[in-house]
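Protein chains get the first letters and strands the later ones, always in sequence-line order, with residue 1 at the start of each.
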Number of protein chains: 2
Amino acid sequence: MPTDQDRLLDAAEKLFYERGYQAVGMDALREASGLPLKRIYALYGGKDAIAVAMLDRRDLRWRHALAAHASHDPEPAHRPLAIFDWLETWLATDGHRGCAWINAYGELGSTSPAIADAVREHKARVREYVADIVEAAGGTPETAHSISLLLEGAMVTAGITGDPSAARHARHAAATLLQS
Amino acid sequence: MPTDQDRLLDAAEKLFYERGYQAVGMDALREASGLPLKRIYALYGGKDAIAVAMLDRRDLRWRHALAAHASHDPEPAHRPLAIFDWLETWLATDGHRGCAWINAYGELGSTSPAIADAVREHKARVREYVADIVEAAGGTPETAHSISLLLEGAMVTAGITGDPSAARHARHAAATLLQS
DNA sequence: TAGACTAGAGAACGAACGTTCTCCCGCGCA
DNA sequence: TGCGCGGGAGAACGTTCGTTCTCTAGTCTA
(Lines give C-alpha, C1' and ligand atoms only; values in the text may rest on other atoms or scores of the structure.)
Protein backbone atom coordinates (compact mmCIF):
# COMPACT_ATOMS: atom_id res chain seq x y z
CA MET A 1 0.00 0.00 0.00
CA PRO A 2 1.67 3.15 -1.19
CA THR A 3 1.94 6.16 1.05
CA ASP A 4 0.79 9.61 0.02
CA GLN A 5 4.39 10.57 -0.60
CA ASP A 6 4.83 7.63 -2.93
CA ARG A 7 1.70 8.55 -4.82
CA LEU A 8 2.82 12.14 -5.16
CA LEU A 9 6.38 11.35 -6.18
CA ASP A 10 5.17 8.71 -8.65
CA ALA A 11 2.98 11.29 -10.32
CA ALA A 12 5.70 13.95 -10.24
CA GLU A 13 8.28 11.60 -11.68
CA LYS A 14 6.06 10.53 -14.52
CA LEU A 15 4.79 13.98 -15.43
CA PHE A 16 8.02 15.93 -14.99
CA TYR A 17 9.91 13.35 -17.01
CA GLU A 18 7.33 13.35 -19.78
CA ARG A 19 6.76 17.08 -20.10
CA GLY A 20 9.40 18.92 -18.10
CA TYR A 21 9.01 20.85 -14.89
CA GLN A 22 7.38 24.14 -15.81
CA ALA A 23 4.98 22.53 -18.26
CA VAL A 24 3.36 20.55 -15.43
CA GLY A 25 0.99 22.48 -13.21
CA MET A 26 0.11 21.70 -9.61
CA ASP A 27 -3.36 20.79 -10.84
CA ALA A 28 -1.93 18.04 -13.04
CA LEU A 29 0.05 16.80 -10.06
CA ARG A 30 -3.07 16.81 -7.91
CA GLU A 31 -5.07 14.91 -10.48
CA ALA A 32 -2.39 12.33 -11.25
CA SER A 33 -1.59 11.67 -7.61
CA GLY A 34 -5.22 11.68 -6.43
CA LEU A 35 -4.15 13.82 -3.48
CA PRO A 36 -5.80 17.06 -2.42
CA LEU A 37 -3.72 20.17 -2.99
CA LYS A 38 -3.75 20.82 0.74
CA ARG A 39 -2.13 17.48 1.45
CA ILE A 40 0.49 18.06 -1.24
CA TYR A 41 1.51 21.36 0.33
CA ALA A 42 1.52 19.73 3.74
CA LEU A 43 3.94 17.04 2.54
CA TYR A 44 6.27 19.43 0.71
CA GLY A 45 6.60 23.15 0.88
CA GLY A 46 6.07 23.73 -2.81
CA LYS A 47 6.69 22.61 -6.33
CA ASP A 48 10.47 22.90 -6.14
CA ALA A 49 10.66 20.71 -3.07
CA ILE A 50 8.59 18.06 -4.84
CA ALA A 51 11.01 18.05 -7.75
CA VAL A 52 14.01 17.73 -5.46
CA ALA A 53 12.41 14.89 -3.49
CA MET A 54 11.48 13.18 -6.74
CA LEU A 55 15.02 13.42 -8.08
CA ASP A 56 16.47 12.14 -4.81
CA ARG A 57 14.18 9.12 -4.78
CA ARG A 58 14.87 8.45 -8.44
CA ASP A 59 18.59 8.72 -7.76
CA LEU A 60 18.41 5.91 -5.24
CA ARG A 61 16.32 3.70 -7.49
CA TRP A 62 18.34 4.40 -10.63
CA ARG A 63 21.70 3.69 -9.07
CA HIS A 64 20.30 0.63 -7.35
CA ALA A 65 19.07 -0.77 -10.64
CA LEU A 66 22.39 -0.06 -12.31
CA ALA A 67 24.42 -1.59 -9.50
CA ALA A 68 22.13 -4.61 -9.26
CA HIS A 69 22.82 -5.39 -12.88
CA ALA A 70 26.50 -4.49 -13.04
CA SER A 71 27.40 -6.21 -9.80
CA HIS A 72 25.47 -9.32 -10.78
CA ASP A 73 28.36 -10.47 -12.93
CA PRO A 74 30.65 -12.51 -10.68
CA GLU A 75 33.71 -11.49 -12.66
CA PRO A 76 34.79 -7.92 -11.72
CA ALA A 77 36.52 -7.53 -15.07
CA HIS A 78 33.19 -7.83 -16.86
CA ARG A 79 31.34 -5.33 -14.71
CA PRO A 80 32.27 -2.12 -16.53
CA LEU A 81 30.79 -3.47 -19.75
CA ALA A 82 27.73 -4.74 -17.92
CA ILE A 83 26.94 -1.10 -17.18
CA PHE A 84 26.32 -0.56 -20.87
CA ASP A 85 24.23 -3.68 -21.21
CA TRP A 86 21.94 -2.38 -18.52
CA LEU A 87 22.03 1.06 -20.12
CA GLU A 88 20.73 -0.30 -23.39
CA THR A 89 17.72 -1.91 -21.77
CA TRP A 90 17.03 1.31 -19.90
CA LEU A 91 17.33 3.44 -23.03
CA ALA A 92 14.86 1.10 -24.74
CA THR A 93 12.13 1.48 -22.12
CA ASP A 94 8.86 2.97 -23.32
CA GLY A 95 8.67 6.71 -23.24
CA HIS A 96 12.36 7.13 -22.67
CA ARG A 97 13.24 10.78 -22.97
CA GLY A 98 16.88 10.97 -21.97
CA CYS A 99 18.40 11.48 -18.56
CA ALA A 100 16.00 13.07 -16.07
CA TRP A 101 18.85 14.91 -14.35
CA ILE A 102 20.33 16.33 -17.52
CA ASN A 103 16.88 17.48 -18.57
CA ALA A 104 16.20 19.04 -15.19
CA TYR A 105 19.57 20.76 -15.21
CA GLY A 106 18.97 22.20 -18.65
CA GLU A 107 15.63 23.63 -17.65
CA LEU A 108 16.27 24.70 -14.07
CA GLY A 109 19.99 24.56 -13.41
CA SER A 110 20.39 28.31 -13.49
CA THR A 111 17.22 29.27 -11.66
CA SER A 112 16.87 26.65 -8.92
CA PRO A 113 19.99 26.03 -6.81
CA ALA A 114 18.34 23.13 -4.98
CA ILE A 115 17.68 21.27 -8.20
CA ALA A 116 21.11 22.10 -9.58
CA ASP A 117 22.62 20.59 -6.43
CA ALA A 118 20.53 17.44 -6.72
CA VAL A 119 21.73 16.97 -10.29
CA ARG A 120 25.37 17.57 -9.44
CA GLU A 121 25.20 15.14 -6.55
CA HIS A 122 23.58 12.44 -8.64
CA LYS A 123 26.14 12.79 -11.40
CA ALA A 124 29.01 12.76 -8.90
CA ARG A 125 27.66 9.56 -7.33
CA VAL A 126 27.36 7.87 -10.69
CA ARG A 127 30.90 8.88 -11.65
CA GLU A 128 32.13 7.55 -8.33
CA TYR A 129 30.38 4.23 -8.87
CA VAL A 130 31.78 3.91 -12.38
CA ALA A 131 35.25 4.72 -11.08
CA ASP A 132 34.98 2.00 -8.43
CA ILE A 133 33.83 -0.57 -10.95
CA VAL A 134 36.43 0.31 -13.55
CA GLU A 135 39.32 0.38 -11.13
CA ALA A 136 38.22 -2.93 -9.61
CA ALA A 137 38.39 -4.31 -13.14
CA GLY A 138 41.97 -3.16 -13.47
CA GLY A 139 41.30 0.05 -15.38
CA THR A 140 43.06 3.32 -14.64
CA PRO A 141 41.32 6.40 -13.24
CA GLU A 142 41.74 7.95 -16.67
CA THR A 143 39.88 5.05 -18.24
CA ALA A 144 37.19 5.39 -15.62
CA HIS A 145 36.76 9.03 -16.52
CA SER A 146 36.46 8.18 -20.21
CA ILE A 147 33.88 5.53 -19.52
CA SER A 148 31.79 8.00 -17.56
CA LEU A 149 31.91 10.34 -20.55
CA LEU A 150 30.77 7.52 -22.81
CA LEU A 151 27.93 6.79 -20.43
CA GLU A 152 26.74 10.41 -20.44
CA GLY A 153 27.18 10.65 -24.18
CA ALA A 154 25.14 7.54 -24.82
CA MET A 155 22.33 8.73 -22.56
CA VAL A 156 22.09 12.14 -24.16
CA THR A 157 22.41 10.83 -27.70
CA ALA A 158 19.82 8.12 -27.23
CA GLY A 159 17.51 10.61 -25.55
CA ILE A 160 17.57 12.86 -28.60
CA THR A 161 17.70 10.32 -31.40
CA GLY A 162 15.52 7.76 -29.68
CA ASP A 163 17.96 5.05 -30.66
CA PRO A 164 19.14 2.83 -27.78
CA SER A 165 21.97 1.42 -29.86
CA ALA A 166 24.12 4.31 -28.65
CA ALA A 167 24.69 2.11 -25.60
CA ARG A 168 26.18 -0.62 -27.77
CA HIS A 169 28.54 1.80 -29.45
CA ALA A 170 29.56 3.15 -26.06
CA ARG A 171 30.11 -0.39 -24.83
CA HIS A 172 32.33 -1.14 -27.78
CA ALA A 173 34.44 1.95 -27.13
CA ALA A 174 34.65 1.13 -23.44
CA ALA A 175 35.90 -2.36 -24.22
CA THR A 176 38.63 -0.92 -26.43
CA LEU A 177 39.67 1.54 -23.74
CA LEU A 178 39.80 -1.18 -21.10
CA GLN A 179 42.04 -3.34 -23.25
CA SER A 180 44.64 -0.67 -23.99
CA MET B 1 25.19 47.73 -38.20
CA PRO B 2 23.08 44.90 -36.89
CA THR B 3 19.61 44.28 -38.22
CA ASP B 4 16.55 44.00 -36.02
CA GLN B 5 16.67 40.25 -36.46
CA ASP B 6 20.26 40.17 -35.24
CA ARG B 7 19.38 42.26 -32.23
CA LEU B 8 16.46 40.03 -31.37
CA LEU B 9 18.30 36.76 -31.86
CA ASP B 10 21.29 38.06 -29.91
CA ALA B 11 19.02 38.84 -26.98
CA ALA B 12 17.17 35.55 -27.30
CA GLU B 13 20.35 33.54 -27.49
CA LYS B 14 21.85 35.19 -24.44
CA LEU B 15 18.72 35.04 -22.28
CA PHE B 16 17.48 31.58 -23.28
CA TYR B 17 20.94 30.14 -22.76
CA GLU B 18 21.35 31.79 -19.38
CA ARG B 19 17.92 31.07 -17.93
CA GLY B 20 16.12 28.59 -20.17
CA TYR B 21 13.16 29.16 -22.44
CA GLN B 22 10.13 29.41 -20.20
CA ALA B 23 11.93 31.48 -17.59
CA VAL B 24 12.41 34.30 -20.10
CA GLY B 25 9.36 36.43 -20.81
CA MET B 26 8.66 38.38 -23.96
CA ASP B 27 9.15 41.53 -21.91
CA ALA B 28 12.73 40.54 -21.12
CA LEU B 29 13.27 39.87 -24.80
CA ARG B 30 11.86 43.25 -25.68
CA GLU B 31 14.02 45.06 -23.18
CA ALA B 32 17.23 43.21 -24.06
CA SER B 33 16.75 43.60 -27.79
CA GLY B 34 15.55 47.21 -27.63
CA LEU B 35 12.82 46.32 -30.10
CA PRO B 36 9.13 47.07 -29.67
CA LEU B 37 6.95 44.08 -29.06
CA LYS B 38 5.08 44.82 -32.25
CA ARG B 39 8.26 44.56 -34.30
CA ILE B 40 9.19 41.31 -32.60
CA TYR B 41 5.87 39.74 -33.53
CA ALA B 42 6.21 41.11 -37.04
CA LEU B 43 9.60 39.44 -37.46
CA TYR B 44 8.54 36.09 -35.99
CA GLY B 45 5.16 34.68 -35.30
CA GLY B 46 5.76 34.04 -31.64
CA LYS B 47 8.12 32.92 -28.94
CA ASP B 48 8.61 29.43 -30.31
CA ALA B 49 9.60 30.73 -33.74
CA ILE B 50 12.19 32.99 -32.11
CA ALA B 51 13.72 30.04 -30.30
CA VAL B 52 13.87 27.98 -33.48
CA ALA B 53 15.44 30.84 -35.45
CA MET B 54 17.94 31.38 -32.66
CA LEU B 55 18.91 27.72 -32.58
CA ASP B 56 19.29 27.63 -36.37
CA ARG B 57 21.55 30.68 -36.39
CA ARG B 58 23.56 29.31 -33.49
CA ASP B 59 23.89 25.98 -35.29
CA LEU B 60 25.57 27.69 -38.24
CA ARG B 61 27.91 29.71 -36.06
CA TRP B 62 28.76 26.84 -33.73
CA ARG B 63 29.59 24.37 -36.47
CA HIS B 64 31.53 27.03 -38.35
CA ALA B 65 33.67 27.75 -35.30
CA LEU B 66 34.28 24.07 -34.73
CA ALA B 67 35.15 23.40 -38.36
CA ALA B 68 37.36 26.50 -38.58
CA HIS B 69 39.46 25.17 -35.75
CA ALA B 70 39.48 21.48 -36.61
CA SER B 71 40.14 22.02 -40.30
CA HIS B 72 42.91 24.49 -39.53
CA ASP B 73 45.31 21.65 -38.86
CA PRO B 74 46.90 20.76 -42.20
CA GLU B 75 47.30 17.13 -41.20
CA PRO B 76 43.94 15.27 -41.51
CA ALA B 77 45.10 12.72 -38.98
CA HIS B 78 45.25 15.41 -36.29
CA ARG B 79 41.86 16.88 -36.95
CA PRO B 80 39.74 14.57 -34.81
CA LEU B 81 41.74 15.51 -31.74
CA ALA B 82 41.63 19.19 -32.67
CA ILE B 83 37.87 18.95 -32.13
CA PHE B 84 38.49 18.41 -28.45
CA ASP B 85 41.04 21.21 -28.24
CA TRP B 86 38.43 23.59 -29.56
CA LEU B 87 35.86 22.04 -27.26
CA GLU B 88 37.94 22.81 -24.20
CA THR B 89 38.21 26.49 -25.04
CA TRP B 90 34.48 26.60 -25.69
CA LEU B 91 33.66 24.86 -22.41
CA ALA B 92 35.85 27.41 -20.62
CA THR B 93 34.02 30.45 -21.96
CA ASP B 94 32.38 32.68 -19.38
CA GLY B 95 28.87 31.74 -18.44
CA HIS B 96 29.10 28.35 -20.10
CA ARG B 97 26.04 26.33 -19.18
CA GLY B 98 26.28 23.20 -21.27
CA CYS B 99 25.00 22.53 -24.75
CA ALA B 100 22.18 24.88 -25.77
CA TRP B 101 20.54 22.14 -27.82
CA ILE B 102 20.63 19.54 -25.09
CA ASN B 103 19.19 22.08 -22.67
CA ALA B 104 16.46 23.07 -25.09
CA TYR B 105 15.61 19.46 -25.78
CA GLY B 106 15.37 18.67 -22.09
CA GLU B 107 12.98 21.54 -21.48
CA LEU B 108 10.92 21.55 -24.66
CA GLY B 109 11.63 18.36 -26.57
CA SER B 110 8.31 16.79 -25.68
CA THR B 111 6.11 19.88 -25.99
CA SER B 112 7.49 21.71 -29.04
CA PRO B 113 8.01 19.58 -32.14
CA ALA B 114 9.68 22.48 -33.99
CA ILE B 115 12.35 22.83 -31.33
CA ALA B 116 12.80 19.08 -31.05
CA ASP B 117 13.42 18.96 -34.79
CA ALA B 118 15.96 21.78 -34.64
CA VAL B 119 17.86 19.92 -31.95
CA ARG B 120 17.81 16.60 -33.79
CA GLU B 121 19.01 18.26 -36.97
CA HIS B 122 21.85 20.05 -35.24
CA LYS B 123 23.01 16.89 -33.54
CA ALA B 124 22.80 14.93 -36.75
CA ARG B 125 24.91 17.54 -38.56
CA VAL B 126 27.55 17.47 -35.84
CA ARG B 127 27.68 13.69 -35.91
CA GLU B 128 28.03 13.81 -39.68
CA TYR B 129 30.89 16.30 -39.46
CA VAL B 130 32.67 14.20 -36.85
CA ALA B 131 32.24 11.12 -38.99
CA ASP B 132 33.76 12.88 -41.99
CA ILE B 133 36.74 14.10 -39.99
CA VAL B 134 37.37 10.77 -38.30
CA GLU B 135 37.09 8.72 -41.45
CA ALA B 136 39.37 11.15 -43.29
CA ALA B 137 41.86 10.52 -40.52
CA GLY B 138 41.69 6.80 -41.13
CA GLY B 139 39.27 5.93 -38.34
CA THR B 140 36.41 3.49 -38.77
CA PRO B 141 32.74 4.49 -38.65
CA GLU B 142 32.57 2.74 -35.31
CA THR B 143 35.37 4.94 -34.00
CA ALA B 144 33.59 7.99 -35.36
CA HIS B 145 30.47 7.01 -33.46
CA SER B 146 32.44 6.59 -30.26
CA ILE B 147 34.08 9.96 -30.68
CA SER B 148 30.69 11.61 -31.10
CA LEU B 149 29.61 10.01 -27.85
CA LEU B 150 32.71 11.34 -26.13
CA LEU B 151 31.97 14.78 -27.51
CA GLU B 152 28.42 14.74 -26.16
CA GLY B 153 29.56 13.29 -22.86
CA ALA B 154 32.18 15.97 -22.39
CA MET B 155 29.72 18.76 -23.18
CA VAL B 156 27.10 17.52 -20.77
CA THR B 157 29.56 16.72 -18.00
CA ALA B 158 31.34 20.05 -18.25
CA GLY B 159 28.00 21.82 -18.34
CA ILE B 160 26.98 20.29 -15.03
CA THR B 161 30.30 20.23 -13.18
CA GLY B 162 31.58 23.48 -14.68
CA ASP B 163 34.92 21.82 -15.30
CA PRO B 164 36.21 22.16 -18.89
CA SER B 165 38.83 19.47 -18.32
CA ALA B 166 36.24 16.93 -19.41
CA ALA B 167 37.32 17.87 -22.93
CA ARG B 168 40.90 16.79 -22.18
CA HIS B 169 39.74 13.44 -20.84
CA ALA B 170 37.57 12.96 -23.89
CA ARG B 171 40.51 13.87 -26.12
CA HIS B 172 42.68 11.31 -24.39
CA ALA B 173 40.09 8.60 -24.90
CA ALA B 174 39.61 9.61 -28.53
CA ALA B 175 43.35 9.33 -29.14
CA THR B 176 43.35 5.84 -27.71
CA LEU B 177 40.41 4.79 -29.86
CA LEU B 178 42.03 6.20 -32.99
CA GLN B 179 45.21 4.25 -32.36
CA SER B 180 43.59 0.88 -31.90
C1' DT C 1 0.63 71.83 -46.85
C1' DA C 2 -2.73 68.08 -46.30
C1' DG C 3 -3.51 63.49 -45.77
C1' DA C 4 -2.58 58.66 -45.43
C1' DC C 5 0.22 55.23 -43.87
C1' DT C 6 3.92 53.18 -40.74
C1' DA C 7 5.68 52.00 -36.66
C1' DG C 8 6.80 52.87 -31.68
C1' DA C 9 5.37 52.68 -26.70
C1' DG C 10 2.88 50.56 -23.58
C1' DA C 11 -1.83 49.47 -21.85
C1' DA C 12 -5.01 45.76 -21.98
C1' DC C 13 -6.64 41.06 -22.29
C1' DG C 14 -7.64 36.37 -21.34
C1' DA C 15 -5.58 32.42 -19.72
C1' DA C 16 -2.78 29.82 -16.63
C1' DC C 17 0.21 29.57 -12.91
C1' DG C 18 1.56 28.50 -7.69
C1' DT C 19 -0.36 29.11 -3.51
C1' DT C 20 -3.86 29.97 0.05
C1' DC C 21 -8.47 30.09 1.91
C1' DT C 22 -13.22 28.66 2.73
C1' DC C 23 -16.55 25.60 3.43
C1' DC C 24 -18.23 21.37 5.03
C1' DC C 25 -18.41 16.48 5.72
C1' DG C 26 -17.30 12.64 8.75
C1' DC C 27 -15.00 10.62 12.42
C1' DG C 28 -13.57 10.24 17.49
C1' DC C 29 -14.67 11.05 22.14
C1' DA C 30 -17.32 12.35 26.43
C1' DT D 1 -26.23 12.51 21.09
C1' DG D 2 -23.55 16.63 20.90
C1' DC D 3 -19.18 18.73 20.13
C1' DG D 4 -14.77 19.64 18.12
C1' DC D 5 -11.35 18.84 14.89
C1' DG D 6 -8.65 17.14 10.98
C1' DG D 7 -8.76 16.87 6.40
C1' DG D 8 -10.97 16.69 1.61
C1' DA D 9 -12.72 19.33 -2.46
C1' DG D 10 -12.29 23.07 -4.98
C1' DA D 11 -13.05 28.14 -5.27
C1' DA D 12 -10.39 32.25 -4.98
C1' DC D 13 -6.30 35.19 -5.09
C1' DG D 14 -2.66 37.75 -6.91
C1' DT D 15 0.76 37.41 -10.28
C1' DT D 16 2.74 36.57 -14.58
C1' DC D 17 2.57 35.07 -19.12
C1' DG D 18 2.11 35.43 -24.47
C1' DT D 19 -0.29 38.02 -27.47
C1' DT D 20 -3.11 41.82 -29.28
C1' DC D 21 -4.96 46.46 -29.33
C1' DT D 22 -4.96 51.48 -28.86
C1' DC D 23 -3.20 55.74 -29.36
C1' DT D 24 -0.02 58.83 -31.06
C1' DA D 25 3.91 60.88 -33.43
C1' DG D 26 6.48 61.02 -37.46
C1' DT D 27 7.25 60.59 -42.45
C1' DC D 28 6.61 60.23 -47.23
C1' DT D 29 3.87 61.59 -51.24
C1' DA D 30 0.98 64.37 -54.25
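Applying the salt bridge (charged side-chain N to carboxylate O under 4.0 Å, His left out) definition to pairs two or more places apart or across chains, those involving residues 24-38 of chain A are A:Asp27-A:Arg30. Pairs engaging residues 97-111 of chain A under the salt bridge (charged side-chain N to carboxylate O under 4.0 Å, His left out) rule: none recorded [sequence neighbours left out]. Sorted by first and then second residue, the salt bridge (charged side-chain N to carboxylate O under 4.0 Å, His left out) pairs involving residues 39-57 of chain B (not counting sequence neighbours) are B:Asp4-B:Arg39, B:Asp6-B:Arg57, B:Asp10-B:Arg57, B:Glu13-B:Arg57.
Looking at residues two or more places apart in sequence or on another chain, you find no salt bridge (Lys or Arg N to Asp or Glu O under 4.0 Å) involving B:Glu128. Remark: B:Glu152 engages B:Lys123 in a salt bridge (Lys or Arg N to Asp or Glu O under 4.0 Å) (not counting sequence neighbours). By the salt bridge (Lys or Arg N to Asp or Glu O under 4.0 Å) test, A:Arg127 pairs with no residue at all, sequence neighbours left out. Partners of B:His72 by ring pair (Phe, Tyr, Trp, His ring centres under 6.0 Å), not counting sequence neighbours: none found. Every side-chain contact (heavy atoms from CB on, under 4.5 Å) that A:Ala77 has, sequence neighbours left out, goes to A:Glu75.
Rounded to whole Å, the distance from CG on B:Leu43 to P on C:dA7 is 11 Å. When rounded to the nearest whole Å, the span between CD1 of B:Ile40 and P of C:dG8 equals 11 Å. When the C1' atom of C:dA9 is taken as reference, atom CG of B:Leu29 falls 17 Å away, rounded to whole Å.
B:His69 places no side-chain N or O within 3.5 Å of a backbone atom of B:Ser71 that could act as its donor or acceptor partner.
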Protein-nucleotides 4-12 of chain D N/O pairs closer than 3.5 Å?
{"from": "D:dG8", "atom 1": "O6", "to": "A:Lys38", "atom 2": "NZ", "distance (Å)": "2.9"}

Would you be so kind as to tabulate the donor-acceptor pairs closer than 3.5 Å made by side chains of residues 130-141 of chain A, with sequence neighbours excluded?
{"from": "A:Thr140", "atom 1": "OG1", "to": "A:Glu142", "atom 2": "N", "distance (Å)": "3.4"}
{"from": "A:Thr140", "atom 1": "OG1", "to": "A:Thr143", "atom 2": "N", "distance (Å)": "3.0"}
{"from": "A:Thr140", "atom 1": "OG1", "to": "A:Thr143", "atom 2": "OG1", "distance (Å)": "2.9"}

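Rounded to 10°, the angle separating the first-five-pair axis and the last-five-pair axis of the helix from C:dT1-D:dA30 to C:dA30-D:dT1 equals 10°.
Listed by residue number, the members of residues 15-23 of chain A with any heavy atom below 4.0 angstrom from DNA chain C form an empty set.
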